[in-house]
Every structure is written in C-alpha cells, then in structure tokens.
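The shown structure was predicted, so the numbers you read here are calculated from the model rather than taken from an experiment.
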Protein chains: 2
Amino acid sequence: MVTLEDVARHAGVSLATASRVLNGSTRQVGASLRAKVELAAAQLGYRTNVAAQTLARGASNVVGLVVHDLTDPYFAALADGAMRVAENQELMVMVGTTHRDPQREIAYVSTLNAQRVRAVLLAGSRTADQEVTRRLREELDRYRESGGRVACVGQDLLGVDTVAPANREGAAALARALARLGHRGFAILAGPEGLLTARDRVAGFTAALDELGLPAPLVLHGSFDRDGGYQAATRVSGVTCVFAVNDVMAVGALAAFRDRGIRVPEDVSVAGFDDIPTLRDLVPALTTVRLPLARMGARALELALDVAEEARVVSVAGEVVLRESTRALD
Amino acid sequence: MVTLEDVARHAGVSLATASRVLNGSTRQVGASLRAKVELAAAQLGYRTNVAAQTLARGASNVVGLVVHDLTDPYFAALADGAMRVAENQELMVMVGTTHRDPQREIAYVSTLNAQRVRAVLLAGSRTADQEVTRRLREELDRYRESGGRVACVGQDLLGVDTVAPANREGAAALARALARLGHRGFAILAGPEGLLTARDRVAGFTAALDELGLPAPLVLHGSFDRDGGYQAATRVSGVTCVFAVNDVMAVGALAAFRDRGIRVPEDVSVAGFDDIPTLRDLVPALTTVRLPLARMGARALELALDVAEEARVVSVAGEVVLRESTRALD
DNA sequence: CTGTTAGCGCTTTCAA
DNA sequence: TTGAAAGCGCTAACAG
C-alpha cells in the first residue's frame, strides 16, 4: 500500500507538500516541487486513502441514498437524477434499498450516519405508522445534530428539506379529466392502506369526484407493485374507469383485464400515475399524471447539499396526460 | 460528535473495552462492563466513525458497483441482485453510473480504490476499444495489488472473476427457434459496433443462420437503448423477422412498427434478448432469451467476495422464450 | 512557498 | 478480563 509519506519521501519533499499537491488544497506549491510530487505519485501508483482523509478532514465526499426498490423504475429515475448531481459535485453515492421495510430505512440512516456521509436522501413514500416515523425522525435528528444534511422525496413529515409531489392535486386533476370524458363509475386500485403516497392519491381522486357530485369510487387495496395492480383489478366490476395509484400497478391491471378478456379502453378505461418513461411504449398507451422524476431526485439532493436555516418544501405539480388507455364515453 | 472515548469515560472503562463491546471484536468483555458501555453509548447517542474504523482496521465494509445506466432495467435488476447479497453480508454499496462512457468506468475504479472498498463489481458490456480495456485493466490491477477484489458481469476480458452471459449461444438458439417457425429473411437491430455484448449476439445469431443455410441477415446498427431500436426499425424492410439485440431496443422497434402501421407479429415478427421482468406485460408479449439477471448480479458479488487463487468464469445460459411477438410462417 | 507537528477516532498488540 | 499505548494515513494550523 503506497502512502502519501512514501510519495513525499520519493519526491524528496515534506508530507505537507505532497498532501497539498495531491489533494485539493487551496495552498500553492512551486512548479518544480509539484512536478516532482506528481511524478512520484504516478510512478508509485499512489491512491489517496479516503478513510484517512475523511478522518482528518472530518468530512466525507459521500452522500447516502435510500430507496425502496431499485428495480421499480420510479426509484431508478429518482436515483438517476440524484446521481447526476452527485457526479457533478464529485460525490460518491452510497445506496441502500429497503425493499419497503420502514425498519430498514431507519437502519440505513444509522449506518449512513456512521459513515459520516455529507447528506442523506430518503426517496419514497412515508408510512402512516406514527411510531416508525417517530423513530426515523429521531435517527435523522441525531444525524443532523452532528452536521448531517437530509432531504426527502415524498411527504413532508420529517421536518427536513422535502420535494413533495402534489399527489392529491394531481389525482384530483386526473379525476376531473376523466369525469370530463363522461365517466361516472370509478374504481381505485389503491395500494396499501398505510402508504401515504397511495393514500393521498386516493384522497385527491375521491375528493374531486365528490366535488363533482359523482358517486364514491370502489376502493380496492393491494400491494404497490405490478402484482398488487393485477390482483386488485381481478376484483373490479361495474365501473367504466379504473385509476391505479401508480403506473406499475396500472400495468398489472392491464394484464389482468387482458387475461379476463376485458378490453381497454373499449370495455374499461385505465389510468395510472407517475408517467414512468420505460412504460411510455405500452399498448394501449397509459393515461397518467406526469411527474418529473429525474428532476425531483436531482432537486432533492441539491436541497440537501445547499445549507439553509429552515427546512424547505418544494411542491412538484403533476401534469395529466391523456392517452389511449382511457376513452370518452358517448 | 460523540466519540468512543466519550463513551468509555462515561461508562468508566478504558477505550479498549468500549471498542470491544461496541464494535464486533471476538474478545470477551465481562457482563457488567458490557452493560455499562452499552448504556453509555445509548445515552450519548454514539455512532461509530466508520472512517476511523476503516483506517485503523485497514479494511472497509463497502463494496463498489459500477453500472452503465440505472434507469435501464437490465442494470437495475443486476444491481438489485448484487445489493441483496451485500445486505446479507452487512456491506454498504457505493454505486457509480457511467452513462456508457468507458472513461468514467476507469475513473470509478480509481475512486473506489481510493475508498478502499472491499470489492468492485463491474456490470455491463465491455467495449471493443483495446486501449480503453488496457487502461481499465491497469487500474484494476493496481487495485487488486493492494488487496482489492474484482468481479465483472459481461465478457471475460479483464482477467477477473466473471459472470458471462452466453450471448452467442443464446442468440444462436433464438435464431434456430425462429427458423423453426419458418422464418428465412431476418434483420438484426444490432446496437453499437463497439459493444461486445451486441457484437456477440449478432455473431451468434448470424452464425446459426449460416449453419442452417439461410441467407445472411440485414444488420442495422444504432444505440443500445429504446431509441436505437426505434431508429433502426424504421430502416427495416423486406424481412419476416427482426431480432433486436436487447429487449429495450425491441420495445423501440415495436413502437416504430406501430407508427409505420406494420403489425406485429402479423406483418413482421420481433424478438429481443434479456427478458426484462418489467417488460413482461408488453403487448404483444416479447419473444426473447431469458437471463437470470438478479442471480447474475448476486453471483458476481459472491465471486468477488469469495477469495480464490484463480479468476473464475461462470457462464450463464439464456433460455429462449417464445411469445406472441413472433409467429409461425405457414 | 515549504516543513514540522499535533491530532482525527478507532483498533490492536502487549502487559497486567 | 481489562487497560495503556502505539499506530492507521492524512490534514491543517503554525512556524519559518
């Protein structure tokens, strides 16, 4: 293992000088010594020991990213956005996946705290479980007390910088657009009861229907993924339009309807939420609410990195996109 | 910032004792002291400083994962598999995305070396650029000389543990299956010329056709993503079957044919490669070659973590899956 | 501009 | 078992 000291000796300079040229110091070093050091470093194959550097500096070049599931394109898009800004700032990203277990989220915050990462980004819906949220906040507070920065994509429940998708408003706008097409009987593939993102979307959709004087929708719970959408869709009947609270569930619903011989949109209209890029080529193309996922991930990390007194909440509006999976009733 | 020393003092024990109880030492500590230390740590809110630990131990609990693009479900699936084994081993994962720039891959290896990660996992096709490969190997060798472990998912070109998908064989098997359906005129949406995964699939497919005495396929190059498939497909004509060298490109091709009013599979059959789970609900369902992506990612990390004398190469066979996007010719 | 030196927080012999 | 103390490799005053 080649150390800075080896390089310094090899170059015939002091440790400090070697440090200054090799690791971004503001201090200047004379051209000749600089060249010597660089040569020695190259010859010896020196690589900075980041652990030592972090210890000495008291600050690391790593940020933490906690997502529910990387294979869910929603999180992949969010992560991609965040990783691009990390790259620009020369930061490495440590990723943890919770597989939707809130306990693991807390554990990751603790681990990332131990790693002394510069910032932690929590992506994904909060849960309705108050106790879990309390413990998460506790862990986050501990981390922040020691100088850690935190941002979150999701509900503003943690008292940290937050990029909050306007789930209620988006779902409400979607409901109105669907009502405008003539739909009156709705079912919602609602996801898990405890997931706030799912709840908010259900609530916004339902409230809008109510305001329009339309009958309350049939609400079917299930998991927040493709299979949840499939399962819930098998229980749908007697409605002209189905709202799946995310695109991935909508894909499951389309599959279920296909298997049941129910045509979309002729027999039933289907809408989703998120507008996942990978799913844009679906047939029939999915009516949905577009969220700028990559930008949201990027924005969240920017917030975390940009120190501020108060926690900021950035609300992100969704845009209703009508496509072939929903049709106008005549 | 609470340090181990604070905890030790608070508990009235030595630094060494506190270290032994808080951080997995094999050494035993008496029950009463142990309890005192744990209490003090909890009261003070102590969190291990991993940088200090890494420096003192000379080994970290982090592994590096370098992928081309996280939003590509191929890499997401690979990453997911790898991250699950990391989780089991209590390892954190540092992720870098190259966005298909081979230079960045080299840079990441260097950075991960500086981080002294336990192992580096390189996921994704190698390039045909010999100079880039040489420099990558150089960087990897330097890392390995200092005790780093490396594994790769892709072509066995780096002299490290490798999980190598049988691209040639899979593509050949696919070609034979398609020929069995009666197809004679083929086009290949071939991806970039320099990408070995793409090359191997083209070569395997072409060789099989040749062996069967069938005419050589039309080979159309393009990017390795959805748009590459779309673009290439716009240039297809006069064939009954199109092979896109990956599923994501096949999706692009389906979109292009749809836009051109060409029906799949009635007018033209389309096949892909990979069998991306997220894409299984596509209509028409895609004929493809199934690769156990999550398992491949997991296996690669296992290889890297399991020290061995010789570099091992694990070949992974693909399984041809015939679905609706290809039809039998009569 | 360059060098000396005191830590950063933890692990790990070595003694007791 | 427990404790004392010597580092791990690097940074950042401080002095020159």
Using the C1' atoms of the five pairs at each end, what is the angle between the end axes of the helix from C:dC1-D:dG16 to C:dA16-D:dT1, to 10°? 30°

Given the rule in the side-chain contact (heavy atoms from CB on, under 4.5 Å) test, do B:V163 and B:V316 qualify, once you have shown the distances and angles that lead to the verdict? CA-CA 7 Å; B:V163 172; B:V316 177; 3.5 Å; yes

Send over the distance from B:R116 CZ to D:dG9 C1', rounded to a whole Å. 9 Å

Going from CG on B:L91 to OG1 on A:T111, what distance comes out if it is rounded to the nearest 0.5 angstrom? 11.0 Å

Chi angles and distances behind the side-chain contact (heavy atoms from CB on, under 4.5 Å) call for A:V117, A:Y143: CA-CA 10 Å; A:V117 296; A:Y143 169 59; 3.5 Å; yes

Can you find a side chain N or O atom of A:T17 that sits less than 4.0 Å from OP1 or OP2 on C:dG3? yes

Would B:R299 and B:E302 pass as an ion pair if we require N to O under 4.0 Å? yes

Only counting residues at least two apart or in another chain, list the ones meeting salt bridge (charged side-chain N to carboxylate O under 4.0 Å, His left out) with A:E145. none

Filtered N/O pairs between nucleotides 4-8 of chain D and protein, under 3.5 Å:
residue: D:dC8; atom: O2; partner: B:A56; partner atom: N; Å: 3.4

May I ask you to say whether A:E131 pairs ionically with A:R134, meaning some side-chain N is under 4.0 Å from a carboxylate O? yes

B:R9 CZ to D:dG3 P, in whole Å, measures 14 Å

Check the side chains of B:S125 and B:T197 for a donor-acceptor pair under 3.5 angstrom, ignoring hydrogens and angles. yes

Specify the separation, in whole Å, of atom CG of A:N61 and atom P of D:dC10. 14 Å

Kindly compute the distance separating OG1 (B:T54) from CZ (B:R116), expressed to the nearest 0.5 Å. 11.0 Å

Tell me the interatomic distance from A:Q115, atom CD, to C:dC10, atom P, rounded to whole angstroms. 13 Å

Whole Å only: how far is the CG atom of A:L22 from the P atom of D:dG9? 15 Å

Rounded to the nearest Å, what distance is computed from the CG atom of residue A:D6 to the P atom of nucleotide D:dG9? 8 Å

Using atom CE of B:M1 as one end and atom C1' of C:dC8 as the other, report the distance to the nearest whole Å. 13 Å

Note: B:R135-B:E139 ion pair, threshold 4.0 Å (strictly below): no

Would you indicate what A:G30 reaches in the nucleic acid, counting non-hydrogen atoms under 4.0 angstrom: base, sugar-phosphate, or nothing? sugar-phosphate

Proximity to the side chain of B:L4 - top-ranked nucleotide from D:dT11, C:dG3, C:dC10: C:dC10

